[in-house]
Amino acid sequence: MTQAPLKIRSRLTASHQIALTTIELDPFEALIKNTIEKAPSLFHYAPTVLDSSALEELPDSDRLQALIGICRQYRLVPFALTSNNSAHQDYAYQHQLAWIEPRARSAAKDEPKPALAMTKTEVINTPVRSGQQVYAKDANLLITRQVSAGAEVIADGNIQILGALRGKAIAGAQGAEHCEIICNQMDAELLSIAGTYLVQEDIGTANGPARCWLNGDQIQVDYF
């Protein structure tokens, strides 16, 4: 009996990226814990890329496994390494991690590609209250009222909120980096675009109308 050939498909998967700003275990765990507690559902068994760009010296094998173990303890699933230092690529392979090109360098290598436009828009005309979750699959999301603290709105495309954004907003949920989040009052608990996130304490103190977009590896929040 002839076996069917192995079928391999390439698939774009959104992932979180965690910067290794320290290799000291206790401070690293404190950073992970503090972040996860703000949006536990967002990080539940999430594919995770470790960014070693900030490290002057890479950790030894035992320390790296300990750092990965902390991530897994908080239900993250590290599978790859990225860095602005290309010398870290060999380190990734030596430790059986995939290597992800930094976004800026990868974009420079690639020919410009037209962004995949979402042709559908899901419209929500009621407030999204605490505890509610709205997901616009393969579509943009337009909310004509407010998104309360504790609510979560997700779209594979862009998100526009005509009222206040006080909960979590996740655009480009399938990895579309061109997506944006626009709202008339910014007071979000968390923003995420294509797997890159920004927590409340890093969003800033202004709370007027805002446009959020992905600038390299960071979410930029522009207030009108």
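Heavy atoms only: backbone and side chains are in, while hydrogens, waters and symmetry mates are out.
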Answer yes or no: is there a side-chain heavy-atom contact under 4.5 Å between [X] and [Y]?
X	Y	result
Leu214	Thr196	yes
Asp187	Leu165	no
Ile18	Leu76	yes
Leu67	Phe28	yes
Leu141	Ile124	yes
Glu177	Ile193	no
Met186	Leu191	yes
Ile219	Ile203	no

Smallest separation among heavy atoms of [X] and [Y], with atom names:
X	Y	answer
Leu64	Pro59	N-CB, 4.1 Å
Leu162	Asn184	O-ND2, 2.8 Å
Ala92	Ala98	CB-O, 4.1 Å
Gly157	Ala171	O-CB, 3.5 Å

Donor-acceptor side-chain pairing of [X] and [Y] below 3.5 angstrom:
X	Y	result
Asp90	Trp99	no
Asp51	Ser53	yes
Gln220	Asp222	yes
Ser130	Gln132	no
Gln17	Tyr197	no

Which value, rounded to the nearest 0.5 Å, describes the distance between [X] atom [atom1] and [Y] atom [atom2]?
X	Y	atom1	atom2	answer
Asn85	His88	CG	NE2	4.0 Å
Leu198	Ile181	CG	CD1	9.5 Å
Asn140	Asn158	CG	CG	4.5 Å
Leu81	Leu50	CG	CG	6.5 Å
Arg145	Thr126	CZ	OG1	7.5 Å
Ile154	Gln174	CD1	CD	10.5 Å

Val123 and Thr121: CA distance, side-chain angles, deciding distance, side chain to side chain contact (heavy atoms under 4.5 Å, CB included) verdict: CA-CA 6 Å; Val123 180; Thr121 297; 4.3 Å; yes
With a 4.5 Å cut-off on side-chain heavy-atom distances among I, L, V, M, F, W and Y, is there a chain of contacts connecting [X] to [Y]?
X	Y	value
Leu142	Ile159	no
Leu25	Leu31	no
Leu190	Ile36	yes
Leu20	Ile32	yes
Ile70	Ile68	yes

Is a side-chain N or O of [X] found less than 3.5 angstrom from the main chain of [Y], in a donor-acceptor match?
X	Y	value
Asn215	Gln218	no
Thr82	Ile100	yes
Glu189	Gly150	yes

Residues Arg211, Glu180: salt bridge by 4.0 Å N-O rule: yes
Steps toward side chain to side chain donor-acceptor pair (under 3.5 Å) verdict (Tyr135, Glu122): CA-CA 9 Å; Tyr135 175 34; Glu122 183 172 334; over 6 Å; no
More than 12 heavy atoms of other groups within 6.0 Å of Arg63 CZ: yes
Ring pair (Phe, Tyr, Trp, His ring centres under 6.0 Å) partners of Tyr91, counting only residues at least two apart: His95
Stepwise side chain to side chain contact (heavy atoms under 4.5 Å, CB included) check, Glu29 with Tyr74: CA-CA 9 Å; Glu29 181 172 0; Tyr74 289 90; 2.9 Å; yes
Pair Leu55-Ile23, side chain to side chain contact (heavy atoms under 4.5 Å, CB included): steps then yes or no: CA-CA 8 Å; Leu55 297 181; Ile23 60 171; 3.8 Å; yes
Verdict with supporting geometry, Gln146 and Ile161, side chain to side chain contact (heavy atoms under 4.5 Å, CB included): CA-CA 7 Å; Gln146 71 173 29; Ile161 301 165; 5.9 Å; no
